[in-house]
Amino acid sequence: MQHKVWFITGSSRGLGREFATTALERGDKVAATARTIDSFDGLAEKYGDAVLPLAMDVTDKAAVATAVEAAVAHFGRIDVVVNNAGYAQVGAVEELSEQELRDQMEANVFGAIWVIQAVLPHLREQGSGHIVQLSSAAGLIAMPLGGAYHASKWALEGLNEALAAEVAGFGIKVTIVEPGGFATRQGKNPDPLDNGHMATPHPAYVPLRAKLAEAVKGQPAGDPAASAQAMLKLVDLERPPLRVLWGLGFYPMLQKAYADRLQNWADWQELSLEAQGELTVPE
């Protein structure tokens with residue numbers, strides 16, 4: 001098997017770091033990006049020219065283009081693109097500031113778009129490549145206090161589904177990975193909802209926040225190292241799936257959510273047909 005060249009965003013820690021080190025361990029090459037490259041010193045010492053640390057903020061379109069060109073110049077090609085960078089803004093919709101909303105979309109949505117637009121000319125010229133978008137189970141269902149994060153992940157779901165259809169004819173694959181919870185945070189805050197990106201709480205939502213914090217406690221978290229091994233299997237597939245759920249914790253919840261949606265649409269067919277202008281409901 002030919003060793004792959006990866007371009008991974010948000011690879012200084014968490015899942016991105018696991019993806020990078022696991023790929024390097026099997027002999028692949030990695031362009032590892034993060035806002036600062038200080039945390040990559042150990043990787044460079046261990047893997048030498050097989051790893052290319054790149055300082056890049058995904059919200060800076062010009063910096064993304066420069067990093068992609070540097071990776072192609074260094075390795076000659078890119079085979080796997082992992083759009084991993086992002087974060088979760090926490091807060092009720094009423095609590096969110098305009099800046100918090102804009103920052104969430106800039107990092108999670110526009111950052112992914114800038115990477116995709118920068119790599120596509122190279123992948124089309126190669127006639128191959130695999131774009132892996134880290135979405136979330138939060139891109140499929142929504143829960144209180146996650147409105148901004150859900151909005152960004154639902155946007156990525158639609159964006160990448162359209163992208164997959166657009167680039168299939170060029171030999172480019174697209175997979176949307178939807179992780180549940182993974183044990184990636186170090187030194188967790190006693191408040192399980194406080195990830196460092198929390199809107200200023202409004203008193204009206206204190207009871208809801210307390211209820212959700214209690215529900216979050218004790219939820220099983222996936223193993224990032226196991227996730228990285230699964231990522232290797234995914235990118236080696238000849239025909240990878242468009243979507244794959246990372247971990248099984250949310251699967252029963254998703255089954256119910258989709259069944260409820262179908263039933264809801266069925267229950268309201270009469271009103272739907274009225275909106276269309278139909279006079280009778282078909283048998």
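Since the structure is predicted, the reported quantities are computational estimates derived from the model, not experimental observations. No hydrogens, no waters, no symmetry mates; every other heavy atom, side chains included, goes into these values.
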**Request:** Establish whether V80 and L54 are linked, either directly or via other cluster members, by ILVMFWY side-chain heavy-atom contacts under 4.5 Å.
**Result:** no
**Request:** Using modelled atom types only, decide if a donor and an acceptor are shared between the side chain of K173 and the backbone of E238 within a distance under 3.5 Å.
**Result:** yes
**Asked** What heavy-atom pair brings P240 and L234 nearest, and what distance separates the two atoms?
**Response** CB-O, 4.0 Å
**Prompt:** Going through the checks in order, is the side-chain contact (heavy atoms from CB on, under 4.5 Å) test met by F19 and L134?
**Reply:** CA-CA 12 Å; F19 298 153; L134 266 290; 4.1 Å; yes
**Request:** For the pair E157 and R243, find out whether any cationic side-chain nitrogen is under 4.0 Å from an anionic carboxylate oxygen.
**Result:** yes
**Asked** Using 4.0 Å as the upper bound for N to carboxylate O, is an ion pair formed by R102 and E106?
**Response** no
**Prompt:** Is the backbone N or O of R35 less than 3.5 Å from a side-chain atom of D57, with the two atoms forming a donor-acceptor pair by type?
**Reply:** no
**Asked** Salt-bridged, E25 to K46, with N to O below 4.0 Å?
**Response** yes
**Request:** Just do the side-chain contact (heavy atoms from CB on, under 4.5 Å) check on L237 and H130 with the steps written out, would you?
**Result:** CA-CA 10 Å; L237 292 173; H130 192 173; over 6 Å; no
**Request:** Specify the closest pair of heavy atoms between M198 and Q89, including all atoms of both residues, with the distance to one decimal.
**Result:** C-NE2, 3.8 Å
**Request:** For F40 and R17, work out which heavy atoms get closest and say how close.
**Result:** CD2-NH1, 4.0 Å
**Message:** If we ignore hydrogens and angles and just use 3.5 Å, is the side chain of N108 paired with the main-chain N or O of G86 as donor and acceptor?
**Reply:** no
**Prompt:** Between W6 and I78, is there a donor-acceptor pair closer than 3.5 Å when you use the side chain of the first and the backbone of the second?
**Reply:** no
**Request:** Report yes if the side chains of F170 and L120 come closer than 4.5 Å at any heavy-atom pair, otherwise no.
**Result:** no
**Request:** Could you tell me the separation between the NZ atom of K29 and the CG atom of D49, rounded to the nearest 0.5 Å?
**Result:** 8.5 Å
**Heavy atoms from other residues, nucleotides or ligands near CD of Q255 exceed 12 (cutoff 6.0 Å)** = yes
**Message:** Please check this pair: side chain of Q104 against backbone of Y87, looking for a donor-acceptor N/O pair closer than 3.5 Å.
**Reply:** yes
**Fill in**
What one should report as the nearest heavy-atom pair of A112 and L156 is CB-CD2, 3.7 Å
**Message:** I'd like to know if the side chain of T59 reaches the main chain of G111, judged simply by a donor and an acceptor atom lying under 3.5 Å from each other, with no hydrogens or angles considered.
**Reply:** no
**Message:** Can you confirm whether Q126 sits close enough to V72 that some side-chain heavy atom of one is under 4.5 Å from a side-chain heavy atom of the other?
**Reply:** no
**Prompt:** Does the side chain of H122 reach to within under 4.5 Å of the side chain of E69, using non-hydrogen atoms?
**Reply:** yes
**Prompt:** Side-chain contact, heavy-atom cut-off 4.5 Å: I141 with R261?
**Reply:** yes
**Asked** Hey, are the side chains of S136 and Y149 touching, using non-hydrogen atoms and a 4.5 Å cut-off?
**Response** yes
**Prompt:** V51 and L43: which non-hydrogen atoms are nearest, and at how many Å?
**Reply:** CG1-O, 3.6 Å
**Message:** Do M143 and L96 sit in one hydrophobic cluster, given that two such residues count as connected whenever their side-chain heavy atoms are within less than 4.5 Å of each other, even indirectly?
**Reply:** no
**Atom pair CG (L271) and CD (Q276), whose distance is rounded to the nearest 0.5 Å** = 12.5 Å
**Asked** Checking T9 side chain against N84 main chain: does a donor-acceptor pair fall under 3.5 Å?
**Response** yes
**Request:** Output the distance between atom CG (L123) and atom CD (E125), rounded to the nearest 0.5 Å.
**Result:** 10.0 Å
**Prompt:** Does the D28 side chain pair with the main chain of H3, one donor and one acceptor, at a distance under 3.5 Å?
**Reply:** no
**Request:** Check the angle between the aromatic planes of F110 and W114 and answer parallel, tilted or perpendicular using the 30° and 60° thresholds.
**Result:** tilted
**Message:** Within the structure provided, determine whether L140 and Y258 are in side-chain contact (heavy-atom separation under 4.5 Å).
**Reply:** yes
**Fill in**
d(L212 CG, L145 CG) to nearest 0.5 Å is 5.0 Å
**Asked** Can you find a heavy atom in the side chain of F7 that is under 4.5 Å from one in the side chain of V115?
**Response** yes
**Asked** What is the minimum heavy-atom distance between L245 and A137, and which atoms define it?
**Response** CD1-CB, 4.5 Å
**Request:** Given side-chain contact (heavy atoms from CB on, under 4.5 Å), test L163 with L159 step by step and report yes or no.
**Result:** CA-CA 6 Å; L163 175 68; L159 177 82; 5.6 Å; no
**Asked** Among side-chain atoms of E95 and Y205, is any donor-acceptor pair under 3.5 angstrom?
**Response** no
**Message:** Starting from V64, can I reach F75 by hopping between I/L/V/M/F/W/Y residues whose side chains sit under 4.5 Å apart?
**Reply:** yes
**Message:** Using side-chain contact (heavy atoms from CB on, under 4.5 Å), reason through I116 and N83 one step at a time and then give a plain yes or no.
**Reply:** CA-CA 8 Å; I116 290 166; N83 258 332; 3.6 Å; yes
**Connected via hydrophobic side-chain network under 4.5 Å: V109 and W154** = no
**S11 (side chain) donor-acceptor with T33 (main chain) under 3.5 angstrom** = yes
**Request:** Please check if V5 and L232 belong to a single hydrophobic cluster, counting links between Ile, Leu, Val, Met, Phe, Trp and Tyr side chain heavy atoms closer than 4.5 Å.
**Result:** no
**Prompt:** Is T22 close to M231 at the side-chain level, that is, under 4.5 Å between some pair of heavy atoms?
**Reply:** no
